[in-house]
Visitor: 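The structure's right below; bear with me while I get my questions together.
Just so you know, residue 1 is the first one in the sequence shown, and it goes up from there. All of these numbers come straight from a predicted model, not from anything done at the bench.
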Amino acid sequence: MGFSFLVFLLVARHVSMRRPKLFWVSAAAPLVCVILSTFLVFAFKAQHHGFSVLQEGLNPPSWNMLQFHGGHLGLSMKTGLVTGIISLTEGIAVERTFASLMNYKVDGNKEMMAIGLMNIVGSSTSCYVTTGAFSRSAVNHNAGAKTAASNIVMSITVMVTILFLMPLFQYTPNVVLGAIIVSAVVGLIDIPAAYHVWKMDKFDFIVMLCAFFGVIFISVQHGLAIAVAVSIFKILMQITRPKTVLLGKIPGTDIYRDLHHYKESVKIPGFLILSIEAPINFANSTYLNERVLRWIEEYEAEDPKMHSISSLRFVILEMSTVSTIDTSGVSFFKELKQTMENKGVELVLVNLVGEVMEKLQRSNEAGDFMKPDCLFLTVGEAVATLSATIKSQSSNDV
């Protein structure tokens, strides 16, 4: 029965989409399913043969049962905290889904206040923990609802139905209600959008699949929890293993860009120019140190004068995207500079932001770490100045 009604709902939806003048077919299909399934269950006494039907009555009040003491208080607080986080995550995810479909914005603070107030009131009337449920939101969207006033109309209608019209619906099988929800949710599956995510970012596509299959085969809460966990893992990977790129000069200009993205850019002999594209902190300072040293080894291996340490004279770090550093980041620069000096290479910093500059200056009280001739505003200025220095030294030696 559930499969048959689901096919009927999907066909009605398809007809309405192909022929907009027949919009009433999709709108009336759920009501037809409810009436027809209720009649079939009543006629064949199906409630006695395994069919689950609706129950009658409102939830009893429970404000007199609330207790803020006793042995279960700690467990209740832990459970409430976890449930609140999951319900809020689910609600925000659902709201953003429909916001992208209807082209409007979601205010996270207002949503948190609304969900919290809703659950405070619901806890006094024996309600489950509630959120912006995906199923009901999908049904509302499929029915053409545009504003939150639809929820007021729906709640009043449901209350009146439960109080006075329940005898008419007591034979309505739950399987048909499930078919209505599934048909509404199926319409929200966007294959072209999923393909677009695949082209843009493979890791985001994996997160999307985790959320999709987790919701389908486990539950909404667990599916979203898995997706959030995978996303957090991605963020941690980006923090602990920040991207460093090798820069080269675009011929005919004073612009330096990523050699991988700009094929026409060229390396400058004697210079290793790197760009660090993340804040530097305790989580990634060790990795960055090892990564810079590996860049130096690769440079010397590619250089025809690799046996001559003097072939590499300067390591330039472009720091425009390094928004902040901590004490571990300061130690990273000190250790790197010491390592460079042992190799006979000079460390040069370019385009430091204000906070990074201030912290490095505070750590440079002795004046042996940051020298004015190793700080520049642009890579082009640094290369031009240092190249002139090399030429002057060579002429003096001659």
Visitor: Kindly indicate whether the side chain of L360, heavy atoms from C-beta on, has any atom under 4.5 Å from the side chain of L349.
Guide: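 Side chain of L360 against side chain of L349, heavy atoms only: contact under 4.5 Å found.
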
Visitor: I'd like to check I218 versus I226 (side-chain heavy atoms, cut-off strictly below 4.5 Å). Are they in contact?
Guide: yes

Visitor: Tell me whether R241 at atom CZ has more than 12 heavy atoms from other residues, nucleotides or ligands lying less than 6.0 Å away.
Guide: no

Visitor: Is there a side-chain contact (heavy atoms from CB on, under 4.5 Å) between I316 and V383? Walk through the geometry before answering.
Guide: CA-CA 9 Å; I316 299 178; V383 173; 4.0 Å; yes

Visitor: First locate atom CE of M208, then atom CZ of F213, and finally report the distance between them rounded to the nearest 0.5 Å.
Guide: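 If I round to the nearest 0.5 Å, the distance is 8.5 Å.
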
Visitor: If only atom types and distance count, is the side chain of S155 paired as donor or acceptor with the main-chain N or O of I152 below 3.5 Å?
Guide: yes

Visitor: Supply the atom-to-atom distance W198 CH2 to L209 CG, rounded to the nearest 0.5 angstrom.
Guide: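 If I round to the nearest 0.5 Å, the distance is 9.0 Å.
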
Visitor: So if I apply the side-chain contact (heavy atoms from CB on, under 4.5 Å) rule between F332 and each of L288, T286, I325, which one comes out positive?
Guide: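 The passing option is L288.
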
Visitor: So do L347 and C374 actually touch side chain to side chain, heavy atoms under 4.5 Å?
Guide: no

Visitor: Which heavy atom in E277 sits nearest to a heavy atom in T321, and how many Å separate them?
Guide: CA-OG1, 3.1 Å

Visitor: Answer yes or no: is there a side-chain heavy-atom contact under 4.5 Å between P242 and Y287?
Guide: yes

Visitor: Do M357 and L375 have side-chain heavy atoms sitting under 4.5 Å apart?
Guide: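 Yes, side chains in contact.
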
Visitor: Do other residues, nucleotides or ligands put more than 12 heavy atoms under 6.0 Å from L377 CG?
Guide: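 No - once you tally the heavy atoms of other residues, nucleotides and ligands closer than 6.0 Å, there are 12 at most.
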
Visitor: I want to check something: taking the side chain as every heavy atom from C-beta on, are K234 and D204 in contact at a cut-off of under 4.5 Å?
Guide: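 When only atoms from C-beta onward are counted, D204 and K234 do touch, with a gap below 4.5 Å.
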
Visitor: Can you name the nearest heavy-atom pair linking D254 to G380, along with the distance?
Guide: OD1-CA, 3.4 Å

Visitor: Do T339 and V292 have side chains that get closer than 4.5 Å, going by heavy atoms?
Guide: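 Sidechains of V292 and T339: no contact.
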
Visitor: Do S183 and L6 have side chains that get closer than 4.5 Å, going by heavy atoms?
Guide: yes

Visitor: Is there a path from F8 to L40 through hydrophobic residues (I, L, V, M, F, W, Y) whose side chains come within less than 4.5 Å of each other?
Guide: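 They do not share one cluster, since no chain of ILVMFWY contacts under 4.5 Å joins F8 to L40.
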
Visitor: I'd like to know if the side chain of N119 reaches the main chain of I115, judged simply by a donor and an acceptor atom lying under 3.5 Å from each other, with no hydrogens or angles considered.
Guide: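 Side chain of N119 to backbone of I115: a pair is present.
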
Visitor: Do you know the tightest heavy-atom contact between S265 and D258?
Guide: OG-O, 4.0 Å

Visitor: Assess whether atom NZ of K110 is packed by more than 12 heavy atoms of other residues, nucleotides or ligands within 6.0 Å.
Guide: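 No, the 6.0 Å shell around NZ holds no more than 12 heavy atoms from other groups.
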
Visitor: Taking all non-hydrogen atoms of both residues into account, name the closest pair between V350 and V379 and its distance.
Guide: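 Minimum heavy-atom separation between V350 and V379: CG1-N, 3.5 Å.
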
Visitor: Grouping I, L, V, M, F, W and Y whenever their side-chain heavy atoms are under 4.5 Å apart, do V230 and V228 come out in a common cluster?
Guide: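 Different clusters: V230 never reaches V228 through Ile, Leu, Val, Met, Phe, Trp or Tyr contacts under 4.5 Å.
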
Visitor: Can you name the nearest heavy-atom pair linking Y299 to G270, along with the distance?
Guide: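 That closest heavy-atom pairing would be OH-N, 2.9 Å.
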
Visitor: Quick check on the hydrophobic clustering: are F205 and F212 connected, directly or via other members, by side-chain heavy-atom contacts under 4.5 Å?
Guide: yes

Visitor: Is D326 reaching over with its side chain to a backbone N or O of G329, donor-acceptor style, under 3.5 angstrom?
Guide: yes

Visitor: Hydrophobic cluster mates of I235, side-chain heavy atoms under 4.5 angstrom, ILVMFWY only, any path?
Guide: I239

Visitor: If you take all heavy atoms of P251 and E264, which pair is closest and at what distance?
Guide: CD-O, 3.2 Å

Visitor: Does F5 form a side-chain contact (heavy atoms from CB on, under 4.5 Å) with V175? I'd like the steps, not just the answer.
Guide: CA-CA 9 Å; F5 281 114; V175 67; over 6 Å; no

Visitor: Here's a test for you: under side-chain contact (heavy atoms from CB on, under 4.5 Å), which of T244, T378, N351, V348 qualifies with E318?
Guide: N351

Visitor: Report the C-alpha distance between F333 and M319 in whole Å, list the side-chain angles of each, state the deciding distance to 0.1 Å, and finish with yes or no for side-chain contact (heavy atoms from CB on, under 4.5 Å).
Guide: CA-CA 12 Å; F333 286 109; M319 306 278 290; 3.0 Å; yes

Visitor: What distance do I250 atom CD1 and I255 atom CD1 have between them, rounded to the nearest 0.5 Å?
Guide: 5.5 Å

Visitor: What orientation do F314 and F271 show, parallel under 30°, tilted 30 to 60°, or perpendicular over 60°?
Guide: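 Parallel: the ring planes of F314 and F271 meet at under 30°.
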
Visitor: Rounded to the nearest 0.5 Å, what separation is found between the CG atom of N289 and the OG atom of S331?
Guide: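 Taking CG in N289 and OG in S331, the distance rounds to 10.5 Å.
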
Visitor: Between R362 and E358, is there a side-chain N and carboxylate O pair less than 4.0 Å apart?
Guide: yes

Visitor: Honestly curious: do V322 and V353 fall in one hydrophobic cluster under the side-chain, below-4.5 Å linking rule?
Guide: yes

Visitor: When rounded to the nearest 0.5 angstrom, what distance separates OH in Y256 from OH in Y262?
Guide: 15.5 Å

Visitor: Rounded to the nearest 0.5 Å, what separates atom CG in L386 from atom CD1 in I268?
Guide: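 Going from the CG atom of L386 to the CD1 atom of I268 covers 12.0 Å.
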
Visitor: Under the side-chain contact (heavy atoms from CB on, under 4.5 Å) criterion, do T324 and K359 qualify, and how do the steps go?
Guide: CA-CA 9 Å; T324 182; K359 290 185 177 181; 4.0 Å; yes

Visitor: Are V34 and L36 grouped together when hydrophobic residues (ILVMFWY) are joined by side-chain heavy atoms under 4.5 angstrom apart?
Guide: yes

Visitor: Can you confirm whether Y195 is buried at OH, in the sense that more than 12 heavy atoms of other residues, nucleotides or ligands lie under 6.0 Å from that atom?
Guide: no

